[in-house]
2 protein chains.
Amino acid sequence: MHYLYIKAMEEKVRHLLSQKDLKVTRVRLLVLGLLLQNRAAMSHAEISSIIGEDNIDKVTLYRTLNAFVEKGLAHKVATEDRNWLYAVYEENHETHTSEDHAHFVCDECEKIYCFPVDQTSFEITTQKKQGFKIRSREVRLHGLCPICN
Amino acid sequence: MHYLYIKAMEEKVRHLLSQKDLKVTRVRLLVLGLLLQNRAAMSHAEISSIIGEDNIDKVTLYRTLNAFVEKGLAHKVATEDRNWLYAVYEENHETHTSEDHAHFVCDECEKIYCFPVDQTSFEITTQKKQGFKIRSREVRLHGLCPICN
DNA sequence: ACAAATAATGCAACTGAGTTGCAATTAGGA
DNA sequence: TCCTAATTGCAACTCAGTTGCATTATTTGT
């Protein structure tokens with residue numbers, strides 16, 4: 001285990017898991033604990049190397065991450081080079097859906113961060129085009145993150 | 001060849017290719033001709049099956065599509081399930097860059113269409129977040145296309 | 001605290017998109 | 001027409017992610 005596992009966080013993680021009908025297991029405590037520590041979205045490879053390849057099977061990690069996504073604990077974003085990155089929803093994730101947030105991609109370090117989006121200004125983003133019925137929007141921002149800026 | 005190759009279009013395609021310093025070849029005429037006929041972006045698999053697997057090697061098709069993207073004839077969009085779709089820029093592609101268009105994803109047929117975006121309203125899409133420097137934006141719209149609507 | 005039922009895990013083998021290296025072929029200018 | 005560089009086609013490969021299945025761990029009811 002090459003990351004600081006914060007014991008004090010464990011209760012919160014246990015609560016989040018059982019709240020979503022997910023059994024509390026060693027793997028899930030590790031992965032969700034790690035995701036909660038990270039502001040940026042993380043890839044399977046990144047998580048795997050931080051936690052240690054010997055500590056989690058790759059298939060189990062994929063299934064764990066997908067379970068988090070299915071239960072609404074986390075969401076996934078595709079990178080430019082077609083890998084998945086996973087991020088937990090922020091504190092107030094009850095009101096925080098995929099519909100009202102944007103993804104920020106740092107052009108330098110290529111990390112992806114989640115951003116809140118103002119709904120009202122979101123509405124007028126595009127000109128209407130006949131025949132197309134728009135149901136939801138997703139914004140992707142490119143630039144420099146605070147570390148690389 | 002399972003698509004209607006429009007002979008009248010050939011001159012236009014030839015012109016587009018040589019304009020971008022791409023040699024006019026059988027494969028390129030077929031692929032660019034097909035892309036120009038389609039309003040929706042197309043996948044490698046889709047193009048391959050329409051033109052016929054026996055008519056183009058898969059590697060050649062990948063290289064052809066990438067050449068179009070590199071030369072600015074087309075651009076690629078990732079689908080939800082992380083495949084690439086390719087679309088030629090519209091008629092006025094001189095002023096049509098990746099910065100000022102959105103992608104519309106039909107929830108029904110999953111086709112992807114390109115949309116123009118109004119720059120001024122684009123600006124106010126997100127609340128500013130400290131430390132992050134936004135350079136460009138990309139909007140993805142979900143809904144129903146004219147055929148499925 | 002224990003056993004049974006159910007869910008999660010780990011492993012091996014697989015899939016499928018996309019890439020690389022290289023030899024054969026073709027386009028287009030001299 | 002000929003020459004050179006670009007393009008093509010093939011085989012073999014990479015790498016993310018998946019599937020099937022036997023093993024193990026968690027939870028619930030007693």
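Since we're looking at a predicted model, the values are computed, not measured. By convention in this document, chain letters (A, B, ...) are assigned in the order of the sequence lines, proteins followed by strands, and residues within each chain are numbered from 1.
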Report task. Search all heavy atoms of A:Ala67 against all heavy atoms of A:Leu22 and return the closest pair with its distance. Result ->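 So the minimum-distance heavy-atom pair works out to CB-CD2, 4.2 Å.
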Requested in this report: Assign the ring pair A:His44 / A:Tyr62 to parallel, tilted or perpendicular, where the plane angle (0 to 90°) is split at 30° and 60°.
Outcome: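 The arrangement is parallel - the two ring planes meet at less than 30°.
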**Report entry** A:His75 and A:Tyr89 aromatic ring geometry - parallel, tilted or perpendicular at 30°/60° bounds
**Finding:** parallel
So, is [X] near the phosphate of [N], with a side-chain N or O under 4.0 Å from OP1 or OP2?
| X | N | result |
| --- | --- | --- |
| B:Arg26 | D:dG9 | yes |
| A:Asn66 | D:dG17 | no |
| B:Thr25 | D:dT8 | yes |
| A:Thr64 | C:dT9 | yes |

Report task. Run through B:Leu73, B:Ile47, B:Leu32 and flag the one making a side-chain contact (heavy atoms from CB on, under 4.5 Å) with B:Leu65. Result -> B:Ile47
Calculate the interatomic distance between [X] atom [atom1] and [N] atom [atom2]; express it in whole Å.
| X | N | atom1 | atom2 | answer |
| --- | --- | --- | --- | --- |
| A:Asp57 | D:dG20 | CG | C1' | 14 Å |
| A:Glu46 | D:dA16 | CD | P | 13 Å |
| A:Lys71 | C:dA7 | NZ | P | 10 Å |
| A:Glu53 | C:dT9 | CD | P | 17 Å |
| B:Leu61 | C:dA17 | CG | P | 12 Å |
| B:Arg28 | D:dG9 | CZ | C1' | 14 Å |
| B:Leu17 | C:dG28 | CG | P | 9 Å |
| B:Leu30 | D:dT7 | CG | P | 16 Å |

Query raised in the report: Hey, does the side chain of A:Thr60 reach the backbone of A:Ile56 with a donor-acceptor pair shorter than 3.5 angstrom?
Result: no
Query raised in the report: For the side chain of B:Lys58 and the base of D:dG9, is some donor closer than 3.5 Å to an acceptor across the two?
Result: no
Query raised in the report: 5'-most contact on DNA chain D: B:Val59 or B:Val27, nearest heavy atom basis?
Result: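 The residue whose closest nucleotide sits nearer the 5' end is B:Val27.
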Query raised in the report: In terms of the nearest nucleotide of DNA chain C, which residue is placed more toward the 5' end: B:Val24 or B:Ala45?
Result: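 Going by which nucleotide is closer to the 5' end, it is B:Ala45.
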Any idea which of [options] is nearest the [X] side chain?
| X | options | answer |
| --- | --- | --- |
| A:Lys23 | C:dG18, D:dT27, D:dC10 | D:dT27 |
| A:Tyr62 | D:dG17, C:dA17, D:dC10 | D:dG17 |
| B:Arg63 | C:dT19, D:dA16, C:dG21 | C:dG21 |

Query raised in the report: How is A:Thr60 classified with respect to the nucleic acid when contacts are heavy atoms under 4.0 Å: base, sugar-phosphate, or nothing?
Result: base
